[in-house]
Amino acid sequence: KELPYNAILTLETHKFNAENCDVPMMDEMEYSEDWCNRRTVKLLHVNTKNPEIADRINALIARKITGNKGGTGAIQKYVNEVKRNAGEMEDMAQEDVVCSVIDSSNLVLSYGIDRYYFAYGAAHGSSTFEAINFDLRTGNQILLSDLFYDEDIYALTKLAKSKFIN
């Protein structure tokens, strides 16, 4: 279903889900009876008044999720890969990807990709979050280098490291 977000932006929610519970039993496995390889993507597909801009935005979102070029079809293919990956222990995993809008105006869209990955046999899962900012006039990603000079980025990186790492 399509949700109006602001004057030029609407979002469609799409859910892609695949699982493979046909996991072969291996000597190393202790609790495989309940294990299913699973991958879920909850996508917010972006629509704008200019379809070319929306296509550019959605293509980058798909690339960030899948690692490959393509639109919604690439996401479905990525999700369905889990059906084929059951024979090797290193391919056994459960992954959830949830997309969200962090903020938006008539000029900028801040889009979030939250990913949780749990590999079979791991002690715990792993979470990542990626924010992508888009110029809604062009559909291009807004990078730090678009906002700051190189020396400013260096200074900001140095400050962040001093506050968060040291």
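Note on Leu156: it clusters hydrophobically with Ile142, by side-chain heavy-atom contacts below 4.5 Å among ILVMFWY residues. Hydrophobic clustering keeps Val79 apart from Val98 (ILVMFWY residues linked when any side-chain heavy atoms are closer than 4.5 Å, directly or through intermediates). Linking ILVMFWY side-chain heavy atoms closer than 4.5 Å, directly or via other members, places Tyr149 and Ile153 in two distinct hydrophobic clusters. Under the 4.5 Å side-chain contact rule for hydrophobic residues, Tyr154 and Leu143 do not share a cluster.
Residues Glu12 and Asn47 approach most closely at OE2-ND2, 2.8 Å, considering heavy atoms. Asn80 and Ala18 get closest at one heavy-atom pair: OD1-CB, 3.7 Å. Across Phe118 and Gly125, no two heavy atoms sit closer than the pair CD1-N, 3.3 Å. Minimum interatomic distance between Ser100 and Leu44 (heavy atoms only, all atoms of both residues): CA-CD1, 3.6 Å.
Taken from OG1 in Thr48 to CD1 in Ile57, the straight-line distance is 6.0 Å, to the nearest 0.5 Å. Separation of atoms SG (Cys99) and CG (Leu11) is listed at 10.5 Å; rounding is to 0.5 Å. For the atom pair CG (Asp103) and CG (Asn133), the distance works out to 9.5 Å, reported to the nearest 0.5 Å. To the nearest 0.5 Å, atoms CG (Asp152) and CG (Leu147) are separated by 10.5 Å. We find the CG-CD distance between Asp135 and Gln141 to be 11.5 Å, quoted to the nearest 0.5 Å. Taking CG of Asn50 as the start and CZ of Arg56 as the end, the distance is 8.0 Å to the nearest 0.5 Å.
Using modelled atom types, one side-chain atom of Gln94 and one backbone atom of Cys36 make a donor-acceptor pair closer than 3.5 Å. Arg39 places no side-chain N or O within 3.5 Å of a backbone atom of Glu81 that could act as its donor or acceptor partner. The backbone N or O of Ala93 sits less than 3.5 Å from a side-chain atom of Asn37, completing a donor-acceptor pair.
Two residues are said to be in side-chain contact when any heavy atoms from C-beta on lie closer than 4.5 Å; Thr13 and Lys42 fail this criterion. Using a 4.5 Å cut-off on side-chain heavy atoms (C-beta onward), Leu136 and Leu107 make no contact. Between Val46 and Phe134 the shortest side-chain heavy-atom distance does not fall below 4.5 Å. Between Asp96 and Arg38, the closest side-chain pair of non-hydrogen atoms falls below 4.5 Å.
The list of ring pair (Phe, Tyr, Trp, His ring centres under 6.0 Å) pairs with a residue in residues 37-60, not counting sequence neighbours, reads His14-His45.
More than 12 heavy atoms of other shown residues, nucleotides or ligands fall within 6.0 angstrom of atom CD in Glu151. Remark: Asp150 CG is loosely packed, at most 12 non-hydrogen atoms of other residues, nucleotides or ligands lying under 6.0 Å away.
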Table please: side-chain donor-acceptor pairs of residues 59-66 below 3.5 Å, with sequence neighbours left out.
residue : atom : partner : partner atom : Å
Lys64   : NZ   : Glu130  : OE2          : 3.1
Thr66   : OG1  : Ala62   : O            : 2.9
Thr66   : OG1  : Asn68   : N            : 3.0
Thr66   : OG1  : Asn68   : O            : 3.1

